[in-house]
Structure formats: C-alpha cells, structure tokens
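Please read the structure below before turning to the comments.
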Amino acid sequence: MFDGHILVIYDLKLASLTALLVLFGYRVLPGFTLLAAYILVFHPESEAIELFGYLAAALFSYYLYYRSTGWRSAASFGRIQLTTKRIMWLCACNTLINSVFSEALCILTNSHSGWGSVAGHVFNAESLVRVQGVMNGCVTGIPLFYTVLRVLCRPKYWLTCVRAMKSQFSANARLSHFAVWAGLLVGLMVCLNIPYQNNILFTFYSLILIFPLMLWSAVRIGYVFTAPVWTVMMIVLAKNNANYITLNDDFILHQVFVSTAIFIFTLTIVFMGVLARFNTLRFEQLLHIGLTDPMTNMPNLRALKADVNASPNSTICLIQVPDLDLFSRRYGLHFRARYQKKLAEQLRTKLNANEKIYYHAGYGLLLKLEQPTWGRLSILYRSANTFRYSHDNQLLGFRSGLGYSRATQFSNDVYSLTGKLGIVSGLSLVNGKPENLEAQSSRVMENYIVGRTEIRTVLQKTLDNDAFILMAQPIVSTRGEERYHEILLRMQDGEGRFIPPDSFLPVATEAGLAPDIDLWVIKNTLKTMQLHPEHCFSINLAPVTVCRASFVNSVQLLLTQFGVDPHRIIFEITEADALSDTEQSQNTVRSLKSLGCRVAIDDFGTGFSSHARLRDVNADILKIDGSFIREIAENELSHYIVESFCHVARMKNMQVVAEYVENEKIQRTLERMNVDWLQGYHIGKPVPLLTLV
C-alpha cells in the first residue's frame, strides 16, 4: 500500500492468461469468455475493466507472436530461436498493449481505481514501477505457468524437465559448488525477508548480491532450473517488499531503483541462461561433428580414441576391403561410404550392446569389441565376406581382411594401431582368416612394411641430397672392340651400409620416384662424359620411365646441355617394356633411336616373349638374362636356348651381351657361340664411376 492505494510491483495475472494462449492457442477462448462473464457478474466494475485490459493485451500480443513464430509458438521455453520473439511480443508488446487498453478503459468508464488511479501521469515513477512489474511478471511468469499447465496436462513432462535440469547441472557444475551457491542464496533471502533494518544486509543491498549468484546459476546450472527458482524468489520478495524497502519519503525512489534492477537483471538471467544452453548445444554439435565421419555419419577415429581411453582392455578390429579403391574410382567416393555403411549395419547385428563400429575413409571399418572369442571373430570375418551390396542392378561382393589386436598398449596411440592393423588385415586377406597383430606372422609382415618405409625415407633423402653412388661394370667385346660400361646405382643407409638395388628400386617405382632417379643417373653420367667424351656407357631405365611421354625430351635437353655424342649412350630397357604393345613404350624406343642413342633389351628370356614378338623390336643390343648363362656349360637346354637367341639376334642385326659370366668355363663356351659382349664378375667387378675416369 502506498498513499492509500495499491502499488503493484510484480503482476502475474497477464502472464497466466498469456501462458494459457501459448500452450493451448485460441482453444482457450471459451474459458476466457466464461471468466469475463463471471467477473462482470460477481466482481466490482474495476476488476472487470482490469480483466478486459489483460485479455485484450494477451489476445492481441499472442496473435502477433503466432504470426511471427508459426507452428513453433507452443514449443517449450529456453530456445534461443524463440526467446527474442517471446520477449518482444509476449512481454514488451503485451505490457504496452495492456497499458494502453487499461488507460483507455479507465477514461471511457471514468473509473478511478486499479491502473488508472496511479497513472495520472504516464511517465511518473509509480507508472514505471507498475509497467516493470507487469513485464517482470511476463518474463518470469509465462514460463512458470506454461510448465505447470503442461505438467498438469501431461505429467510425464515433469520427467522431461527433470532430465533437462540434471543434464545441464551434471555437465557444468559440481555438487559442492551447488551446495555453496544454495547456502549463500538462502542466507541472502533470509536477510531480505526479515524485518530488521539496522544492518545493510537486511536492506535491498542484499538483493544486489543475489544477482551474481543467479547469473552463475543461469550459466552453470542452466535456464530450466534457474528460471522457476528466480520466479519463486521474486514472488517471495514481492510479498515481503516492506522488509527491505522502508516506507518513508524515499520509498518510491528506492522502489523504482529496485524494480528497474530486478527487471534488467531478469532479462539478463533469461538471455544468459538461454545463451549458455545454446552454446552448450552448439558445443555438443561441434563435438559430434568432430567425432563423426561426414559421409557415413558414423563415429570416426577420434571417437574410437576417446572410447579406447575409457576402456583400454577392449579389442580393436579392422575390416579392410582393398577392392573398394578401384570401384570408388569408377563410382565415386560416395560408393565407398554407402557400401561401408550397409556393411556396418549387417555387422552391428552381431555385436553386443556396448560394442561399437567406427569408420575411417582411408582404411575401413573399425570395431571395438569386449573380450571377443575366436568364434566371434570368425563369424564377423565370414559376415563381412558374405555381404553383398546392390548397386545399379548389380549384386557386388568384395573380399575383406580382418586384423585385430588388444588396445592395451595402444590406448594413447589409436592412429598407430590403425596403421598396424592395416598390415595384418592385408595378411588376413591372403590367408583367409582373422589375423592377430601380436602373432609371429603379423610381426614378420610388420617388419617388412617397416623396412620398406625406412627405405622410402632414405630414398627420398638421398635423391634430395644428390647422394646416390654410381658404379660402372665393364662389358668386354669378344671381337676386340672398345669396351663400354654399364652404370649401376647404389645407395647407402644412415649408417653407411649399402642397400641392395633389389630392395630400393621396387620401392622407388611404387613411390613414383623411379623417373626422377633415372634422370639423375643420366644427368650425372653425362656430366662425367663431358669431361671424358671417349667413354661409352649403358644406363638402365625403369618401366615407368619408358612410359613417360616427356622422358625423351628431357634426355634431348641433357644431351644438348653436356654436349655428349648420343651414340655413346645405350639405354637398357627391360624385355617387358621393349616388347610391350603400349604405344608410348614403342614411341619412346623409336624416339631414343632417332636422337642417335642405342637401345638394348635387358634381361631377355625372363618374360613371356617369343621369337615371333622379337622380330617386331627395333633395338641394337640383346642382353640375355643371367639365369640362362649360369648353367650354359652344364645344362644342354640352356645352351640351346642361348644359341637360338643369338641366331635370331643376328638375323635382326642385333649384338648380343651375355650377363653373369662368372668363370672361365662360361666365358669359353660363350666365345665359341660367337656372343658379341661379355659381362660378369669374371670379366670385371663394378667400380665407382669416378675412379674409372
């Protein structure tokens, strides 16, 4: 009571009517009509005028709100997308319309009670307090009434609210923090509601101290919990208003200050609570995105790492389907993702409730199993290999490999485990059964892969640093012609030990480094020949180099750069490339000869060639593979094979080189067969190129 009339500092009537409209829509109109009729008949005229002001404001503001939000208008409170619109239409617009209607009704009916009695001046302090009281009521009361009404209509909604409170609380605050917060809040509320004025804590100063506590609650405990607690606190504080604001000459000034502070902080609590929830949801979404493969929507390696850390004793399986690489090139990456997703659906039926499947695009499906038996692993292996996928009216099936290992020693390095499982899954594909990473055969395969990767590293480092070593092995004529040398490539590891060419050359081909290495050999050989132009050398070419269209042009530029006579260079091409039907290989052979270089067919006899195919080769030299030469003196069949090769070569005007001449007996046999050139350790061992010149 103030100056003989009621000053409303917290009004929940408009909030209750608006909450009914939000939850039920215009279905509440019959109820509103009955309420209005009851008030007109049994209550004073001033209350009827006040009710009509509330009803008009609620209906009109709800109409604007519904037009703005549509079918989402009845959604529960605490959603960031709706909060701003609710504040705008259901609170600010609602209060403004209520003020206008109430003033208009007071003027039309000449009423001097209720709203009109304190609104002689629209912008006076009492009007400000009342307007803020109505807005406070709408901001806090509408969610409270909405929740209560929804629980009354559907009691299970209470469980939804409790679960929401629990999830927000458990994710952001500890129980000890909550206990301290609750103790401070209860203490300050006691101070505010005891009529004791001789201490500053028993004045509205304590209300200011409550604000940061409630802000912490909105952010840490959550909007679902904080909003009803704050509403109940405001009801209690409004009822005991006189206990912390003394009715004296400064009362209205203090009341304006308190009302404004509460209103501003109520908005702050609402927005901060909703924003905190919004940020939590966005963080959860980002976390989900970070733990999920975008193409299959399945958990990825990060999710596997988190789950392995939680249960390090589990077993990790990798199911790999190598054929998917080929089909993905034809049908696109989505084919791989769809196949793996369907395969995962089939495998999931054979897993326990606490076992999961993960996807990694570079490898395949990863399964986290809890102490699986060999029987279960075999069932998973058979299920993966009997799975059929329908695509473009075709029923496709692929062979799969399954590698598995305990995650104990890899709990902090799942990525390394995945790579090692890729090794044993390949072994599983060959052996036709699940393979354990810890088995002896798997360790042998792993050591093989490790060795190749180390060679690959040394290979790139050697190429970058120009650290290859060129050796030269003599090839001697049986007819007294000037000898020439074959260039042989050598490479050392980090400790200075030589790595056999049979070990690093296949790795170079797989890595795509062979053409670069061949050009390095040609360049450094020509650099030596620039100083000693009388020498003649043969250089081996890798198959991929022969198939590269730009290779001949690079050779031409190098010959021009170093001024070397092309006729003094012999390029050795393997039998498979020289007799290949590919157009590029044949073009390379013809182009090298057109430059003036000579071409030799290396390792002849090891492939699937025949004398008939040899007639189509336009080469200068035929090098017979050493596997025939080693046994030429003891094996009559090898003798006749070499003799037939020589006969065909002479018919093609090609000179013959015999490799692997290891002793005097082989040399004499080859000389009697009129072989043109001899090469081997008996003739001469390889020496460093620089010592030769």
>> ring-ring contact (aromatic ring centres under 6.0 Å, His included), that's the test. Do Phe204 and Phe257 meet it? Break it down for me.
In response: CA-CA 10 Å; Phe204 59 82; Phe257 172 76; 5.7 Å; yes
> Should Thr18 and Tyr65 be marked as a side-chain hydrogen bond (donor to acceptor under 3.5 Å, both in side chains) after you check the CA-CA gap, both sets of side-chain angles, and the distance that decides it?
Replying inline: CA-CA 11 Å; Thr18 306; Tyr65 166 71; over 6 Å; no
> ring-ring contact (aromatic ring centres under 6.0 Å, His included) between Tyr146 and Phe77: does it pass, once the steps are laid out?
Replying inline: CA-CA 9 Å; Tyr146 172 92; Phe77 283 73; 5.2 Å; yes
>> Using modelled atom types and a 3.5 Å cut-off, is there a donor and acceptor pairing between side-chain atoms of Tyr244 and backbone atoms of Leu237?
In response: yes
> Can you tell me if Tyr363 and Ser425 form a side-chain donor-acceptor pair at under 3.5 Å?
Replying inline: no
>> Once rounded to the nearest 0.5 Å, what's the spacing between atom CD of Glu355 and atom OG of Ser311?
In response: 10.0 Å
> Can a donor-acceptor pair be found between the side chains of Trp181 and Ser217 at a distance below 3.5 Å?
Replying inline: no
>> On a heavy-atom basis, which atom in Val256 and which in Ala125 lie closest, and how many Å separate them?
In response: CG2-CB, 3.7 Å
> So which heavy atom on Met298 is nearest to which on Lys341, and how close?
Replying inline: SD-CA, 4.2 Å
> If you take all heavy atoms of Ser167 and Ala164, which pair is closest and at what distance?
Replying inline: OG-O, 2.9 Å
> Looking at CD of Glu370 and NZ of Lys368, how far apart are the two atoms once the value is rounded to the nearest 0.5 Å?
Replying inline: 4.0 Å
> Under a 4.5 Å cut-off applied to non-hydrogen side-chain atoms, are Leu185 and Met214 in contact?
Replying inline: yes
> How far does OG of Ser73 sit from CG of Leu23, to the nearest 0.5 angstrom?
Replying inline: 10.0 Å
